[in-house]
Amino acid sequence: MLDLKYVVANAESVRQNCKNRNVPQDVIDDLDRALALDLERKTLVKQVEEMRRRQNEVAQATGKERDAERRAALVEEGKSLKTAAAHEEEKLRLLDGEIAQRLKRIPNLTHPDAPIGQTEGDSKELRKVGTPRSFDFPVRDHVEIGKALDLIDFETGGKVSGAGFYFLKNDAVLLDLALQQFAVRKLIERGFTPVITPDLARNSILEGIGFTPRGAETQVYSIEEADLSLVGTAEITLGGMLADTVIDEAQLPIRFVGVSHCFRTEAGAAGRASRGLYRVHQFTKVEMFAFTTPESSGAMHSTMLEIEEDLFQALGIPYRVLDICSGDLGGPAYRKFDLEAWMPGRGETGEYGEVTSTSDCTDYQSRRLNIRYRPTGQKGTRFVHTLNGTAVALSRAIIAILENYQRGDGLIDTPDVLKPLIGKDVLGAK
RNA sequence: GGAGGGGUGCCUGAGUGGUUGAAAGGGCCGGUCUCGAAAACCGGUGUACCGCAUCGCGGUACCGAGGGUUCGAAUCCCUCCUCCUCCGCCA
């Protein structure tokens, strides 16, 4: 969430930012309401603190008083002070809660260079890299390929777990594992600490990262009778690792590359349902996460984008880079870049489809998760900046590889960089 | 799942109702001593929020989290989280 002080001091620009971000009107109403409540809060805080000061004073005096009669009088005064304070304190507690609840709905500020716009189409294409290959045979999409080569089994996935689930089989398993290895190794080279995270997390952590565990439009599976949810991304668990800690500046940046399963309900996505592996309820993802000083988050964001590009270049997959527009940014993101890989089997003649995404969340997540650092040689603490980025989302990377590397005989060439990890030059042969 | 024992400041670790935001030691920072260093000695060393006569002073909160008892709680009670030991179960 944003800093209340900042919001109060910059109400107009925060309101404009909400509009640029395409948030519903009731969020803007919440902003205005929070501003009004804050004025109330300020006077109430002073009252409550003054009452508590007086209570402390009386309590201390009582302790020191030896004379029984005077002592009894002080106890009486303490009692009445306590009664009087209780009401005001309750009021303050409610007010604090209400302000926080509204504040949480307000999205992060937006990077000045991010394109302003309301829909996906307003995002700015920064560059295209690689040339989609031309095929001299009818192109198949990954669903057909997966079925023909017995690599992906959606029918059985549906039977066992429901629509949106699938079994990976045979060489698809090797491909999945090889991609994980490939990505993790690359990231280790770049100074990231590898981590395999839990697939479940406390709801408080989900909320800190910016997810809404329960409610109508939640994207999250929650565990019955436990305060836990299945994670939609390792961003949740990686960011949560340092919740409620203070880090020495010398330790920064802290970089993790995490592997987790990701679970998404995809509620409300039915209308734009996508074929095959593109939109599924469960997949595996290798995720980057970094904690930095405010000064260096921009540079880290560029690094993450560069790593993502590096991975897809190494895999030999054409892609384009998008600078995501204000209206399409998630709440915590200050700026976001997406990589869209060329998927020859998508649409009529191939289309770009999102495969990775990297966000600079500035201090939006760290404020809620209470992750601070101690600047070298200074008193006090500041909130760190957090960034996340996909290294490889297995489901979608597999789409890109199967479709781009398909051959006329129906089999799949193994991308060169994966050959040593898979041990086969061709995938899908019986 | 059962039984028991813990969670205190950067670390170790005192503290079972009244000037305790918290002893002591360590670490760290500054100083004295020294050609320099070590040792020794002296001093300092939390965070957030609020106010002000704003390089300092005052107030409020914080001893795992949240409630409760009390004039007053790190200290008593309840719930939860978490760690350790033993038993059971188990990949």
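Here is how names work: the chains are called A, B, and so on, in the same order as the sequence lines, proteins then strands, and each is numbered from 1. Just so we're clear, the structure is a prediction, and the values are computed from it rather than from any experiment. Atoms considered below: every heavy atom in the structure, side chains included; atoms not considered: hydrogens, waters and symmetry mates.
For the C1' atom pair drawn from B:G5 and B:C90, the interatomic distance equals 25 Å after rounding to whole Å. Across the P atoms, B:U75 and B:G44 are found 29 Å apart, a figure rounded to whole Å.
Atom pair A:L92:CG and B:U60:C1' shows a separation of 11 Å (rounding to whole Å applied). Atom-to-atom, CZ of A:R374 to C1' of B:C28 comes out at 12 Å; the value is rounded to the nearest Å. Look at CG on A:N370: it is 11 Å from P on B:C49, rounded to the nearest Å. One can place NZ of A:K64 at 17 Å from P of B:G72, the figure rounded to the nearest angstrom. One interatomic measurement links the two molecules: CZ of A:R367 to P of B:A48, which rounds to 13 Å at whole-angstrom precision. Rounded to whole angstrom, the span from the CG atom of A:D248 across to the P atom of B:U45 amounts to 19 Å.
Proximity of A:R202 to the phosphate of B:U82: a side-chain N or O atom is located under 4.0 Å from OP1 or OP2. For B:C50, one of the phosphate oxygens OP1 or OP2 lies less than 4.0 angstrom from a side-chain nitrogen or oxygen of A:K5. For the OP1/OP2 pair of B:A48 and a distance below 4.0 Å, the side-chain nitrogens and oxygens of A:T381 include at least one atom meeting the criterion. The phosphate of B:G51 has neither OP1 nor OP2 within less than 4.0 Å of any side-chain N or O from A:K42.
No donor-acceptor pair closer than 3.5 Å links the side chain of A:R102 to the backbone N or O of A:L31.
Proximity note for A:N56 (side chain, C-beta onward) versus B:C71, B:C50, B:U60: the nearest is B:U60.
Annotation: of the two residues near RNA chain B, A:K79 and A:R93, the 5′-most nearest-nucleotide partner is A:R93.
A donor-acceptor contact under 3.5 Å is formed by the side chain of A:R71 with the base of B:G18.
The aromatic rings of A:F165 and A:H281 sit tilted, their planes meeting at an angle between 30° and 60°.
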